[in-house]
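Down below is the structure, laid out as structure tokens.
Values in this document were obtained by computation on a predicted structure and should not be read as measured data.
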Number of protein chains: 2
Amino acid sequence: MTSTRATLQQVAERAGVSLASTSRALHGTGASKAMVERVRAAAAELGYSPDAVGRSLRMKKTFQIAFAVADIGNPVYVEMMRAIHGVLAPHGYRVVVMTTGDTTGSTADLVRSLNSGFVDGMVISPLRTDDRLIQEIQQAAVPVVVIGRALGDHGISSVSTDSAGGIGAAVRHLHAIGRRRVGFLNGPLDTTPGEARQRGFDAAVRAEGFAAERIEVEIAGDFTVAAGLEAARRLFARAPDGAGQLDAVVAANDLLAIGVIHAARELGLSVPQDVAVTGMDDIEIGRVFHPSLTSVSLGSTERGRAAAQLMLRLTEDPGQQAQQVAVGPALIVRKSTDGGAR
Amino acid sequence: MTSTRATLQQVAERAGVSLASTSRALHGTGASKAMVERVRAAAAELGYSPDAVGRSLRMKKTFQIAFAVADIGNPVYVEMMRAIHGVLAPHGYRVVVMTTGDTTGSTADLVRSLNSGFVDGMVISPLRTDDRLIQEIQQAAVPVVVIGRALGDHGISSVSTDSAGGIGAAVRHLHAIGRRRVGFLNGPLDTTPGEARQRGFDAAVRAEGFAAERIEVEIAGDFTVAAGLEAARRLFARAPDGAGQLDAVVAANDLLAIGVIHAARELGLSVPQDVAVTGMDDIEIGRVFHPSLTSVSLGSTERGRAAAQLMLRLTEDPGQQAQQVAVGPALIVRKSTDGGAR
DNA sequence: GTGAAAGCGCTAACAT
DNA sequence: ATGTTAGCGCTTTCAC
């Protein structure tokens, strides 16, 4: 075991050639065959491997991309991260995971920290967006790609989806299978997804002609199963048993939907016979859950992949125009709504 | 928007003091109050923020730790990553996610790549271990902490658990609730967990006095739900309906257990009445699954946290002895086995 | 094709 | 308390 790592300088001395030639030989650019061979041998003898930091300083490139979200444990973000890593790693980029914190302030601070130059770019999926955050992203030291809201108007590269439209697809589906008394379990309205999904729900129930008095809305504290369960209890309590009982619930994401199914079970309601439930995000759990979850896919993997590819382009040419990608929602019908007409 | 980032040199010029004083003032070490104020002002005017790469080169410290696993989408690894990030981020460390690839060879290569000095340490949880990998870890350029097998004998820091004993706890539990015909659904035997869990199962059924002809073992292609479902079908097929039917299945992890429950459902068997099912890892999904999953917790979060804390100590004093931490398994009984005696 | 030298941004001796 | 200087490891002009 060599006690200390060999430097390029040492390889040069060993090979009896200049530092410059050594560097060139190792990169295969403009060096004679003999030189390459000689340097290679010396490098091998010393167990040389190039220092990433020295190279980064000189090249002003770290070969690292940050991925920032509020909670790296959320299945949606995990899927995105996996996709991003899958795209970037083959290109020699490392992925640094970061958390945005809960507030737009801490998120903006994170974007500002890009000034330290520890990554070549950042893919970020903020839960909330405000003017300061937008401004920080615009002024960021490195390319930033946002997964979430479409931010093309602000000259920011983004990968967006139509979650409002997706909720619409869920509502139409429920109407089509004969459900007429629908609940909506949303997450916090001051978040980007919460706002969009509420908008989508309101528009869709109007368009489908649901009677206003046959609609119930409840807001969970966040987009988790636990918060969903609690809020779902309140939701069901509002619409009492019997004729007034909800026969369908649209949840703003799959985790909330799982909470809804639990709450239904507590009340002895069967899913989908008594109450049909839809989620959103199409996370893997939903497929193996019982009953399997009807969900609106927002293409997490696809969005992550698109963001990474976009980032790749931007790092190659940072002066480039901001790019926009949109991924359409897709309703995936499974057992949680597939109980036939009533 | 400043077109280009300010350097320390520029701050020094602006403040009209030396480069060294500027550096000191910004770090608050041995600088007069007046100097600090002056430099701070200049830095603020220029929107200066220190360059991470320059500092890394000089300090020989990157403030980055790598976390390497085969599949960053696996819930167990996600939990570990979250815990590791939670410990390291407050200490100013960034977390770089990496994948080991499927083979021990690619894993060893990854460890070797630490020679490039892009991180100050690596936490790794390899699925398989062989001599070359162990050797690479021993010779690694930076501290490495292994989550998985106890590697103290090799002078390697590790955080281990007793998954063999954990399987034992599951088997005892099933025997205690009166189950006498038990199946074991394991993952690949050439993996560290596969080997240990098989050992644990074999020992436990012997200790509990299960009749050899009342035991069935099946091996899934990997530790996923899909592979589990397939293998579980084979497992049930071996033990035909009626008196010969399995009344309990021990799965080597929760994902496989979910596959088992699906297979049982296909056959019209109810869980836990007809067949009790146990998993391992206590992933979050298991708690909300229906029926909720009896599982052996191996303390993923705790192990991640321990590994990170260990790493923190090692980076502070790399010359330190290898450290060992062991986290005990804990059986958590839920509905998938809680159907009362038969 | 090869070598000499500069310099990326920073910190830490060392000298004053 | 402040300034001067060296140098971390690398790539890339610029001469030859």
Side-chain angles (χ1 to χ4, degrees), chain A residues 2 4-40 42-43 46-64 92 113-120 141-142, chain B residues 2 4-40 42-43 46-64 92 113-120 141-142:
Chain A
T2 336
T4 185
R5 289 168 45 205
T7 70
L8 195 63
Q9 177 68 52
Q10 290 166 349
V11 177
E13 281 163 15
R14 179 89 175 206
V17 299
S18 79
L19 185 62
S21 297
T22 311
S23 176
R24 280 188 294 248
L26 258 23
H27 287 83
T29 50
S32 67
K33 209 166 141 43
M35 175 68 83
V36 170
E37 200 163 324
R38 198 166 166 179
V39 169
R40 278 247 165 77
L46 293 173
Y48 170 78
S49 47
D51 182 80
V53 178
R55 168 184 292 204
S56 288
L57 182 62
R58 177 63 228 237
M59 295 178 67
K60 299 198 152 301
K61 192 159 168 65
T62 62
F63 297 97
Q64 297 192 152
S113 76
L114 293 173
N115 275 314
S116 304
F118 57 91
V119 290
D120 299 334
V142 295
Chain B
T2 336
T4 184
R5 287 169 47 203
T7 70
L8 196 63
Q9 177 68 52
Q10 290 165 348
V11 176
E13 282 163 14
R14 179 88 173 207
V17 298
S18 79
L19 183 62
S21 297
T22 311
S23 175
R24 281 188 294 247
L26 258 24
H27 287 84
T29 50
S32 70
K33 210 166 138 42
M35 175 67 83
V36 169
E37 201 162 325
R38 199 166 165 178
V39 170
R40 277 247 166 76
L46 294 173
Y48 170 78
S49 47
D51 182 81
V53 179
R55 168 186 292 205
S56 288
L57 182 60
R58 177 62 226 236
M59 294 178 68
K60 299 197 152 300
K61 192 161 169 67
T62 61
F63 296 97
Q64 297 191 153
S113 77
L114 293 173
N115 276 314
S116 304
F118 56 92
V119 289
D120 299 332
V142 294

Residues from residues 22-33 of chain A lying under 4.0 Å of DNA chain C - heavy atoms: A:R24, A:G30, A:A31, A:S32
Can any side-chain N or O of [X] pair as donor or acceptor with the backbone N or O of [Y] at less than 3.5 Å?
{"X": "A:E13", "Y": "A:Q10", "value": "no"}
{"X": "B:R14", "Y": "B:A42", "value": "no"}
{"X": "B:R24", "Y": "B:A31", "value": "no"}

Can you find a side chain N or O atom of A:S18 that sits less than 4.0 Å from OP1 or OP2 on C:dG3? yes
Check the pair A:S21, A:S18 against side-chain hydrogen bond (donor to acceptor under 3.5 Å, both in side chains), reporting the backbone distance first and the verdict last. CA-CA 5 Å; A:S21 297; A:S18 79; 3.1 Å; yes
Heavy-atom closest contact ([X] atom, [Y] atom, distance):
{"X": "B:F63", "Y": "B:G92", "answer": "CB-O, 3.7 Å"}
{"X": "A:A141", "Y": "A:N115", "answer": "CB-OD1, 3.6 Å"}
{"X": "A:R5", "Y": "B:G117", "answer": "NH1-CA, 3.6 Å"}

For A:R38 and C:dG1, what is the distance between atoms CZ and C1' respectively, to the nearest whole Å? 13 Å
Can you name the atoms? Protein N/O to nucleotides 5-9 of chain C N/O, anything below 3.5 Å, with the distance.
| unit_1 | atom_1 | unit_2 | atom_2 | d |
| --- | --- | --- | --- | --- |
| C:dC8 | O3' | A:K60 | NZ | 3.0 |
| C:dG9 | OP1 | A:K60 | NZ | 3.1 |
| C:dG9 | N2 | B:G54 | O | 3.1 |

Measure the shortest side-chain to side-chain distance between B:T22 and B:V17 over non-hydrogen atoms and say whether it is less than 4.5 angstrom. yes
